[in-house]
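Notes to accompany the following structure.
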There are 2 protein chains.
Amino acid sequence: MSNTRPSDKKQADHFARAREAQSVALLEDYVEMIGDLHEELGEARVADLAQRMGVAQPTATKAIARLKREGLATSRRYRGVFLTETGAALAMRVRARHRTVVAFLVAVGVPEDVAEMDAEGIEHHVSRHTLTAFEDYLANRLAADHRP
Amino acid sequence: MSNTRPSDKKQADHFARAREAQSVALLEDYVEMIGDLHEELGEARVADLAQRMGVAQPTATKAIARLKREGLATSRRYRGVFLTETGAALAMRVRARHRTVVAFLVAVGVPEDVAEMDAEGIEHHVSRHTLTAFEDYLANRLAADHRP
DNA sequence: ACCGAAACATAGCTATGGCTATAATTACTG
DNA sequence: CAGTAATTATAGCCATAGCTATGTTTCGGT
């Protein structure tokens, strides 16, 4: 019967975007983690990366291969992983967004540890628009708290 | 080097949960959509399902096969798809959650259409705990919030 | 300077979720 | 009621993301 309602295409597009977000999510997670490791340990080794991502080491190696293909990272055999400029920029954005999402969730009453957990999945689907709304909420909330 | 900080396992677990959520996400989307179609059209045909999910028809067929394997749906060749009791229950929960997430996003200032879009990805990562926080926020915002 | 252990890479398997092309079945229409 | 159109299923391809097992390379201690 092919019920092509006008809203169908829009809805299909929503799902398409969610799928797209998903395909970027792993890249974002790895890039962020590489940044974290460099800050904390001065380098990002494959083993540490794998451990923190909760995957086996060859899985991390494979992910790094994809990061390199996408121009987000470089690596030297048996030497660890490094972010490109693009990768470092992405890492910064991702970390900022992560912090915002967690802070926002906490602000609306989600316990810290749950917020941290849920944010890991949620953050990748938060658009610029929604992120701004979160930031505004946090700003206003802060102002309200300082009012007697 | 193997820096096994105590927090590593917890963080790894967060990612593991996010991955798990992702693997359930498609099931949830299809189940919800099948429910929608039954309500709107009285039946859920593969073609309509595919169109609304924004995928090719064989992709929908394959997804349905997985739904059947997981005991969420049944189907009769060339006749359409039906939810099992389990599937119908899941569909109800998913739809309620979706509505809550959208309403919540709108309540914190996200435009309707953006909320609808982002919710499609976010909802799958919203834990019971966080969902409750959203519901509470929606219930209380008129009274408590917006104290300018 | 070596040898063993640790770190990393590679090979090769599974499952999922996309796709196109094509076969099979059902439904409609004249 | 026959033939065509629409719908659904199947076959077979690709990429991703996970795994184990095993081969390489580097590092550290004696």
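All chains are named by letter (A, B, ...) in the order of the sequence lines, taking the proteins before the strands, and each is independently numbered beginning at 1.
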* Asked: Does R69(B) put a side-chain nitrogen or oxygen below 4.0 Å from OP1 or OP2 of dT16(C)?
  -> yes
* Taking atom types as modelled and ignoring hydrogens, do the side chains of T132(A) and R128(A) form a donor-acceptor contact shorter than 3.5 angstrom? -> yes
* Counting just side-chain N and O atoms, does R19(B) come under 4.0 Å of either OP1 or OP2 of dG18(D)? -> yes
* Asked: What nucleotide among dA17(D), dC19(C), dG17(C) has an atom nearest to a side-chain atom of K62(A)?
  -> dA17(D)
* **Nucleotide dT8(D), atom P - distance to CZ of F82(B) in whole Å** => 11 Å
* **Under 3.5 Å side-chain donor-acceptor pair for H129(A) and D118(B)** => no
* Asked: Got F15(B) and R52(A) here, is their nearest side-chain heavy-atom distance under 4.5 Å?
  -> no
* Just call it for R76(A): base, sugar-phosphate, or nothing, with non-hydrogen atoms closer than 4.0 Å on any strand. => nothing
* Would you please classify the geometry between the F134(B) ring and the F104(B) ring as parallel, tilted or perpendicular, with 30° and 60° separating the classes? => parallel
* Structure fact -> Closest of dG18(C), dC19(D), dC19(C) to the A56(B) side chain is dC19(C)
* **R66(A) or R77(B), whichever maps to the more 5' nucleotide of DNA chain D** => R77(B)
* With heavy atoms under 4.0 Å as the rule, sort A47(B) into base, sugar-phosphate or nothing. => sugar-phosphate
* **Side chain of Q57(B) - closest among dT8(D), dG18(D), dG18(C)** => dT8(D)
* **T61(B) vs dT8(D): side-chain N/O to OP1/OP2 distance below 4.0 Å** => no
* Asked: Looking at the side chain of R79(A), which of dC27(D), dA9(D), dG12(D) is the nearest nucleotide?
  -> dC27(D)
* Asked: Can the ring centres of H125(A) and H124(B) be said to be less than 6.0 Å apart?
  -> no
* Nearest to side-chain heavy atoms of P58(B), which nucleotide of dC19(D), dT8(D), dT20(C) -> dT20(C)
* **Any N/O donor-acceptor pair, Y78(B) side-chain to dA24(C) base, under 3.5 Å** => yes
* Nucleotide dG18(D), atom C1' - distance to OH of Y30(A) in whole Å -> 9 Å
* Integer-rounded Å distance: dT8(D) P and I64(B) CD1 -> 9 Å
